[in-house]
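Down below is the structure, laid out as structure tokens.
In what follows, chains carry the letters A, B, and so on, assigned in the order in which the sequence lines appear, proteins first and then strands, with residues in each chain numbered from 1.
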There are 2 protein chains.
Amino acid sequence: MKLDDAAVRLEALGNPTRLRIYRTLVRAGEEGMAVGKLQERLDIAASTLSHHLKTLVGVGLVTQTREGTTLICHTNYPMMRGLIEYMLEECCVEGTCAPGGLAKLFKAA
Amino acid sequence: MKLDDAAVRLEALGNPTRLRIYRTLVRAGEEGMAVGKLQERLDIAASTLSHHLKTLVGVGLVTQTREGTTLICHTNYPMMRGLIEYMLEECCVEGTCAPGGLAKLFKAA
DNA sequence: ACGGTATTTCTAGAATGTTCGAAATAGTTC
DNA sequence: GAACTATTTCGAACATTCTAGAAATACCGT
């Protein structure tokens, strides 16, 4: 993942409303959640939700599938994984992990 | 870490200029890097750099120590770790990891 | 304290983001 | 195709962010 791609994805998650949306979708698991249910759950204006979902879908963190009149939203796990990996990679310089670096911290996890 | 704290940190990293700054600092490792050297390396206006550093320091992702007239900047690894852990935790609902979830993906890493 | 280097604050303009109501569109059912 | 539900687009108000030059401040050495 390129720096600019990572940045737009981090920025997408870096808004409290969008992070709430994303977290709710992650917790919804495999089945995802309809836009309408998301709106009811988060209690925000439909237009606001649509606006933020557009951002999340635009950067690839969320995907949508239609079921009748309702749109089901899903988290895109591989994309999130790529983003986290990008952050983890940044702790390594020329193959050696910086002291106190992140990869080291996650060896046990 | 609370959602709002995670959001402001993600937002801090979600700007290309700040992500470049942060990445440069991570790569600088333990010894960190002076503000002046950062400016020279990244080729941005001193005031712009100062502005972004203030943001990164403000959310706790970067710390600064003085050495004479120069300010040395360091990444705050535990904070970054906390942020990544926050993201990883979000894939788990009530103890069970969502299928295809992130923690699972990082078991081997 | 003076001169020099390092960094921040001030100021301001352009650009972008957030929010929501109202109107419009997409799809389903009858 | 009319009525209905689900979602998006439009429009607008308001706030925030990004950038950088100029001025101000902080620290050191002499």
(request) Write down the atom of A:Leu83, the atom of A:Met1, and the distance for their closest heavy-atom approach. (result)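 For A:Leu83 versus A:Met1, the nearest heavy atoms are N-CE, 3.5 Å.
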
(request) Mind listing the closest non-hydrogen atom pair of B:Leu61 and B:Tyr22 along with its distance? (result)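 Residues B:Leu61 and B:Tyr22, closest heavy atoms: O-CE1, 3.5 Å.
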
(message) I'd like to check the side-chain hydrogen bond (donor to acceptor under 3.5 Å, both in side chains) partners of A:Arg9; sequence neighbours left out, ordered by chain and number.
(response) none

Send over the distance from [X] [atom1] to [N] [atom2], rounded to a whole Å.
X       : N      : atom1 : atom2 : answer
A:Leu19 : C:dT18 : CG    : P     : 13 Å
B:Lys37 : C:dT5  : NZ    : C1'   : 17 Å
A:Arg41 : D:dA6  : CZ    : C1'   : 18 Å
A:Leu42 : C:dT19 : CG    : P     : 12 Å
B:Leu53 : C:dT9  : CG    : C1'   : 14 Å
B:Gln64 : C:dT7  : CD    : C1'   : 10 Å
B:Leu49 : C:dT9  : CG    : P     : 13 Å
A:Lys54 : C:dT16 : NZ    : P     : 15 Å

Min side-chain heavy-atom separation [X]-[Y] under 4.5 Å:
X       : Y       : answer
B:Thr70 : B:Lys37 : no
B:Leu10 : B:Tyr86 : no
A:Thr75 : A:Met80 : no

(request) Treat primed atoms plus P, OP1 and OP2 as sugar-phosphate and everything else as base, then score nucleotides 17-30 of chain D 5' to 3': B for base contact with protein heavy atoms under 4.0 Å, S for sugar-phosphate contact only, - for none. (result) -SBBBB----BS--

